[in-house]
Amino acid sequence: MAAVLLRFVHISDTHYAPTDYDRPPSRFDPRHGVRALVAQVNGLATQPDLILHTGDVAYDPYPEIYDEIAQVFGEFKAPLTYIPGNHDHSATLQTHLLNRTAVQVPLYRTELIQGVRFIYLDTNHPNAQPPRGYVSDEQIDWLRTQLNADEAYPVVIAVHHPLLKTHLSAWFDEYMMTINGDAVHAVLAGASDRIRGVFFGHVHQNMTFYQDGVMYSSVNSSWTQFDTLPGQDMTTFNTLAADPSFNLVTITTDGTYIQRYPYRVDA
């Protein structure tokens with residue numbers, strides 16, 4: 001019989017910004033979305049073991065914004081960890097939110113939590129021509145070593161940019177992907193029996209797909225969502241219909257279960 005190892009909440013793309021900042025259109029200020037997110041997650045009957053933020057924590061990476069973010073996200077009842085997105089400044093995120101004194105760029109790391117191996121990759125790189133992503137060769141070599149380690153723990157991978165094409169719309173797959181994501185996926189596919197999911201952000205929408213036995217899963221932004229439909233040739237915001245949400249992920253001894261929690265924000 002399967003046993004629950006760990007539950008975590010997946011959030012992403014909060015894009016926290018000052019109230020008077022010039023941002024693309026949305027039904028509400030991103031700070032309102034963040035505060036509603038905190039309240040919704042804290043209101044769960046059972047608190048998660050971890051909250052995973054897959055990047056674009058801030059809209060623009062001013063240090064004073066990360067100070068405010070630290071205060072707001074400090075209200076979560078569960079522990080929170082981050083990976084940097086293309087809107088983030090990695091060093092500032094590390095010192096202000098992860099409380100690291102030694103800054104590491106690119107930021108890739110691993111930790112074992114309740115019998116689940118979490119591997120965090122950094123898809124930000126000058127070669128990427130943002131908003132695209134790129135995973136450095138050193139990270140790919142390190143990832144291969146981690147997955148070849150002599151251990152049987154199930155593995156959760158966290159990245160910001162999607163590694164593979166979604167086949168939803170041309171602009172999306174051209175401008176939002178990890179340039180060398182296929183190389184990363186090839187390493188992951190070689191360990192598909194251990195990998196319980198690759199969790200990513202950047203796309204501002206919920207999607208789940210499989211390739212070569214590897215599950216990929218994203219989550220809505222707490223602020224505004226993207227449309228990705230055939231025929232679109234530019235970034236398209238869904239400002240009317242798509243509510244923010246977070247995902248509750250349960251890792252068991254034999255599977256992965258994802259529950260999606262949409263919520264409303266009072267503008």
Side-chain angles (χ1 to χ4, degrees), residues 1-10 12 48-55 78-85 90 93-94 98-125 127 133-164 177-201 208-219 247-258:
M1 180 179 295
V4 173
L5 297 174
L6 171 142
R7 291 186 176 92
F8 70 91
V9 162
H10 180 200
S12 199
D49 300 293
L50 178 72
I51 301 171
L52 171 64
H53 194 313
T54 51
L80 174 63
T81 193
Y82 305 84
I83 60 174
S90 182
L93 182 149
Q94 292 178 53
L98 292 175
N99 300 315
R100 292 171 65 101
T101 55
V103 171
Q104 175 189 344
V105 179
L107 178 61
Y108 56 95
R109 66 199 197 280
T110 181
E111 59 182 340
L112 186 64
I113 306 175
Q114 296 181 202
V116 179
R117 172 68 64 188
F118 280 75
I119 295 177
Y120 311 100
L121 300 176
D122 192 339
T123 52
N124 297 294
H125 194 280
N127 289 354
Y134 184 88
V135 180
S136 62
D137 291 342
E138 65 182 90
Q139 286 189 82
I140 295 175
D141 290 342
W142 174 83
L143 173 64
R144 185 179 293 106
T145 299
Q146 294 296 317
L147 294 178
N148 287 339
D150 186 19
E151 61 179 31
Y153 300 117
V155 175
V156 167
I157 307 290
V159 295
H160 179 64
H161 296 81
L163 296 178
L164 299 176
M177 313 308 297
T178 303
I179 293 173
N180 62 338
D182 286 341
V184 183
H185 172 75
V187 176
L188 299 176
S192 61
D193 59 327
R194 291 181 58 203
I195 294 175
R196 296 301 177 79
V198 179
F199 296 88
F200 63 98
T208 301
F209 59 90
Y210 288 82
Q211 185 161 323
D212 302 318
V214 179
M215 182 193 75
Y216 290 84
S217 176
S218 67
V219 63
N247 294 344
L248 178 62
V249 182
T250 301
I251 306 294
T252 73
T253 50
D254 67 357
T256 302
Y257 302 83
I258 301 174

Inset, instruction - Work out which heavy atom in Leu164 is nearest to a heavy atom in Gly181; give both atom names and the distance. - result: CD2-O, 4.4 Å
Legend entry - Within 6.0 Å of OH in Tyr153, more than 12 heavy atoms from elsewhere: no
Inset, instruction - Could you tell me whether the side chain of Ser90 and the main chain of Pro84 form a donor-acceptor pair under 3.5 Å? - result: no
Legend entry - Exam field: side chain Thr178 to backbone Gly133, donor-acceptor pair closer than 3.5 Å: no
Inset, instruction - Locate the shortest heavy-atom distance separating Thr81 from Arg109; write the atom from each residue and the value. - result: OG1-NH2, 2.7 Å
Legend entry - Contact check, side chains of Val184 and Val198, non-hydrogen atoms, under 4.5 Å: no
Legend entry - Flag, side chain of Asp122 to backbone of Val105, donor-acceptor distance under 3.5 Å: no
Inset, instruction - State whether the side chain of Arg196 and the backbone N or O of Thr252 hold a donor-acceptor pair below 3.5 Å, judged by distance alone. - result: yes
Legend entry - From Leu52 atom CG to His10 atom NE2, the distance as rounded to the nearest 0.5 Å: 5.5 Å
Inset, instruction - Kindly give the heavy-atom pair with the smallest separation between Gln104 and Gln94, and that separation in Å. - result: O-NE2, 2.8 Å
Legend entry - Ring geometry between Tyr134 and His125 (parallel below 30°, tilted from 30 to 60°, perpendicular above 60°): tilted
Legend entry - Student check: side-chain heavy atoms of Ile251 and Phe8 closer than 4.5 Å: yes
Inset, instruction - Rounded to the nearest 0.5 Å, what's the gap from CD on Glu151 to CD on Gln146? Could you check? - result: 7.5 Å
Inset, instruction - Evaluate the side-chain proximity of Val156 to Ile113: yes if any heavy-atom separation is below 4.5 Å, no if none is. - result: no
Legend entry - Inter-residue atom distance Ile157.CD1 - Met215.CE, 0.5 Å rounding: 11.5 Å
Inset, instruction - Look at atom CZ of Arg117 and say whether more than 12 heavy atoms of other residues, nucleotides or ligands are closer to it than 6.0 Å. - result: yes
Legend entry - Spatial distance of atom OG1 (Thr145) from atom CD1 (Ile140) [nearest 0.5 Å]: 12.0 Å
Inset, instruction - Would you indicate whether the side-chain heavy atoms of Leu50 and Phe118 approach each other to under 4.5 Å? - result: yes
Legend entry - Heavy-atom check, side chain of Asn247 versus side chain of Phe199, under 4.5 Å: no
Inset, instruction - Return the minimal non-hydrogen interatomic distance between Tyr120 and Trp142, and the atom names on each side. - result: O-CZ3, 4.4 Å
Inset, instruction - Kindly compute the distance separating CD1 (Ile119) from CD1 (Ile195), expressed to the nearest 0.5 Å. - result: 7.5 Å
Legend entry - Beyond-backbone contact of Leu188 with Leu147, side-chain heavy atoms, under 4.5 angstrom: yes
Inset, instruction - Mind telling me whether Tyr216 and His185 have parallel, tilted or perpendicular rings, with 30° and 60° as the class edges? - result: tilted
Legend entry - Residue pair Phe200 / Thr123, side-chain heavy-atom distance below 4.5 Å: no
Inset, instruction - Mark yes or no for whether His160, through its side chain, and Thr54, through its backbone, hold a donor-acceptor pair below 3.5 Å. - result: yes
Legend entry - For the student: nearest non-hydrogen atoms of Pro48 and Ala78, plus distance: O-CB, 3.5 Å
Inset, instruction - Would you name the heavy atoms of Pro154 and Gly115 that are closest together and state the gap between them? - result: CD-O, 3.3 Å
Inset, instruction - Report the distance from atom CG of Leu121 to atom CD1 of Ile83, rounding to the nearest 0.5 Å. - result: 8.0 Å
Legend entry - Contact check, side chains of His161 and Asn124, non-hydrogen atoms, under 4.5 Å: yes
